[in-house]
Amino acid sequence: MPKVIFPDGAVQEYSEGENFLDIIKAFDKKLLKKSVALKVEGVAKDLRSKPDVTAKSLSIEPILLDSPEGLDIYRHSAAHVMAEAVKSLFDGVKLGIGPTIDNGFYYDFDVEKPFTPEDLDKVDARMREIIKGNHKFEPRRMSKAEAVEFFKEANEPYKVEIIADIPDDTVGIYTQGDFTDLCRGPHLPSTGYIQAFKLTSAAGAYWRGDEKNRMLQRIYATAWGTKAELKEHLRRLEEAKKRDHRKIGKALDLFSTSEEIGSGLVLWHPKGAAIRGIIEDFWKSEHRKSGYDIIYTPHLARVDLWKTSGHWDFYQENLFSPMDLDGQEYIVRPMNCPFHIEIYKSRIRSYRDLPIRYAELGTVYRYERSGVLHGLLRVRGFTQDDAHLFTTPDQLEGEIGDVLEFTLYILKSFGFNEFDIYLSTRPDKYVGSLDDWAQAEGALKGALEASELKYMVDPGEGVFYGPKIDIKIKDVIGRSWQCSTIQVDFNLPERFNVTYRDEEGGTSRPIMIHRALMGSLERFFGCLIEHYAGAFPLWLAPVQVILLTVTDRNNDYAKTVQKQLQRAGFRVELDSRNEKLGFKIRESELQKIPYSLVIGDKEAETLTVSPRSKQAGAMDAIAMEEFIGLIKKENVPQGGELS
RNA sequence: GCCAGCGUAGCUCAGUCGGUAGAGUAACUGAUUCGUAAUCAGUAGGUCGGGGGUUCGACUCCCCCCGCUGGCUCCA
């Protein structure tokens, strides 16, 4: 009898005609219950498919629902159920694509009218009926010509378009009930396997992501193996909402935007500004330590400057319109680089001067389309922690390595320890020679390899003037935000005719590195707020210590304590309102102030304070000097020392 | 920019069928002097995002604009 071999070496014999479902069932019923599909000789197949009996022995591996691959199959099957539900409810629906995504799936539909929330309820209800009906997912294969014919017949032009792009000779088709869809598979054995899903939102989405194409209607959903997991996922989303920087920014009075002022323009309130000030001070002192010169440059420049730089041609959709000044056209700057170049060019530079590192907290303005604005994370006016390094070709890779190390040090100082690193290569729209691009990509790659950091390649995602390394930080809902960026540029030195005197007394062209570590202060601040849920570490907290008096009798002593702490350099507030202690504590907790000092008769008599830490709760009364010593130790960035 | 949803007191949110708006909280005033997450009472607070239309009458229905949110596209 033919047999299959499980991953642990166990063998199960079977007779002809049995499918894998039968075989696994005979082997271990419990295992079958957890399986959604299987791999045969490493290839994913449906549970209901049959083994090739000519092979006497096949190695198989059930794909379990609680594996990433299993969950993916599960969600994909749920997407098919959604498509069936939509097709059965609305007339003239044409199917787009229905892939799985993190935590769920979506399906795109070409429909007459966009879905309303009520439509989603109907789709949800129909999906549940389909699941209850427990229809089998029946696979079959068709030649491409047959499939094209089939989907033309079915009035599914998008499917026909997809088939044309499939390189294989045949394509997979799955049918459940009377619904048929193009699909690679594998799928669940039947719709009844789906236990827990929830439609989350509907949104317009261009066919193939191209805004020249027709806009389809997309329904997003999340799906999980069990109802408990779904519930847990929804709970996590709720938790994430609580950390939303927009919500916390309001609650802690950190920043706002105003309709009167305009979209995407941020107002930094005193407490947000206090944090920004601390970040800027830290940033400046670290840059000086690392050999950067800090500069200041204007926010406007003549439009010709941007024609020279290439921004006028390559970046125009993001530029604000020119304004006329004495017959000259000026625009607000979208970038800082040309200004730094002009400082470089203000005198002749020698190879002995290089590398030159100019750093600036440079405020820029970019026109972003209204639909993309998002809290602090995507705005129209923002301050980059920008720098431009001018290097000789020999220095390039070494400088990139140093910048990379410096970047990670700065990010770690703020408590970020996990990020995704991408190497972005030449885009379709680019300037410069292919040789330059190859050299620049090589230098970035070399620095990454030397640093032994894990990174991914993002093909075609570079800037028009050069390739880059991006470091992305994830926000609480799993969205990834690009903060740090390190870009190599051969192009601007060329365009601005930037030179240095080389060893031979000749004229050579430096290479530029553009880099921003935090990216923009606005976005970085947004990420910081979410990272800490507003409970900033001591060194960043706008108010580090709040003094809470028990009665008016304690006000005088509290003032001396306040003065002492201020003299020691701490940001201190005194809450001497005529309120109960519990009330004051509640407020200091809600404001997420790291330390509250309770000051009552007992403390005034013994010249002590009773600290209450945001992290650890109430502490025993201690002398002021002792408390100051304690918080001095804590009042530092988290990144350690730069090597 | 495109698709959808939303915009009511400083904040969080009710407001039914079209009949001129309400709660909690914050603010203010007074009382209370209190020991680790909300003391009590009173007062005041609104062009219902803006403009136009329908109607005897619009927070409510329709149109345009602004802003926000979730996506698409694009990016620090």
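Proteins come first, then strands; the chains are lettered A, B, ... in the order of their sequence lines, and each starts at number 1.
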Identify the two heavy atoms, one from A:Leu252 and one from A:Lys271, that lie closest to each other, and give their separation to 0.1 Å. O-CD, 4.0 Å
Among B:A37, B:A76, B:U73, the nucleotide that comes nearest once only the side chain of A:Val372 is considered: B:U73
Taking only the side-chain heavy atoms of A:Ala203 (C-beta and beyond), determine which of B:C3, B:C11, B:A37 contains the nearest atom. B:C3
Closest approach of A:His388 to A:His340 (non-hydrogen atoms, all atoms of both residues): ND1-ND1, 2.8 Å
What are the two closest heavy atoms between A:Leu361 and A:Thr383, and how far apart are they? C-CG2, 3.6 Å
What parts of residues 211-219 of chain A reach RNA chain B, counting only heavy atoms under 4.0 Å away? A:Glu211, A:Met215, A:Gln217, A:Arg218
Per atom distances to the A:Arg612 side chain, the nearest of B:U33, B:U36, B:A26 is B:U36
What's A:Asp601 touching, base or sugar-phosphate or nothing? Going by heavy atoms closer than 4.0 Å. base
From B:U12, B:U33, B:A76, pick the nucleotide closest to the side chain of A:Lys250? B:U12
Quick one: label A:Val379 by what it contacts on the DNA or RNA (base, sugar-phosphate, nothing), any heavy atom closer than 4.0 Å. base
With a non-hydrogen cut-off below 4.0 angstrom, is A:Lys468 in contact with a base, only sugar-phosphate, or nothing? sugar-phosphate
Does A:Lys584 reach a base, just sugar-phosphate, or nothing at all? Heavy atoms under 4.0 Å. nothing
Please work out which of the three classes, parallel, tilted or perpendicular, describes the rings of A:His287 and A:Phe406, given edges at 30° and 60°. perpendicular
Nearest to the A:Ile585 side chain among B:A76, B:U69, B:A37, which nucleotide is it? B:A37
Remember a base hit wins even if backbone is also touched, and classify A:Gln482 as base, sugar-phosphate or nothing at under 4.0 Å, heavy atoms. sugar-phosphate
Calculate the interatomic distance between A:Asp210 atom CG and B:C2 atom P; express it in whole Å. 16 Å
Base, sugar-phosphate alone, or nothing: which one does A:Glu260 contact when heavy atoms must sit under 4.0 Å apart? nothing
Mind checking A:Ala202 for me? I need base, sugar-phosphate or nothing, with any heavy atom below 4.0 Å counting as a touch. base
Under 4.0 Å, counting only non-hydrogen atoms across every strand here, what does A:Glu579 touch: a base, just sugar-phosphate, or nothing? base
Dump every N/O contact between nucleotides 61-67 of chain B and the protein below 3.5 Å, one line per pair.
from, atom 1, to, atom 2, distance (Å)
B:C66, O2', A:Glu259, OE2, 3.2
B:C66, O2, A:Glu259, OE2, 3.1
B:G67, OP1, A:Ser263, OG, 3.2
B:G67, O3', A:Ser263, OG, 3.4

Using a heavy-atom cut-off of 4.0 Å across all strands, would you classify A:Gly381 as base, sugar-phosphate, or nothing? nothing
Pair A:Phe109 and A:Phe90, ring centroids less than 6.0 Å apart: no
Grab the CZ-C1' distance between A:Arg208 and B:C72 for me, whole Å please. 16 Å
Does A:Arg366 reach a base, just sugar-phosphate, or nothing at all? Heavy atoms under 4.0 Å. base
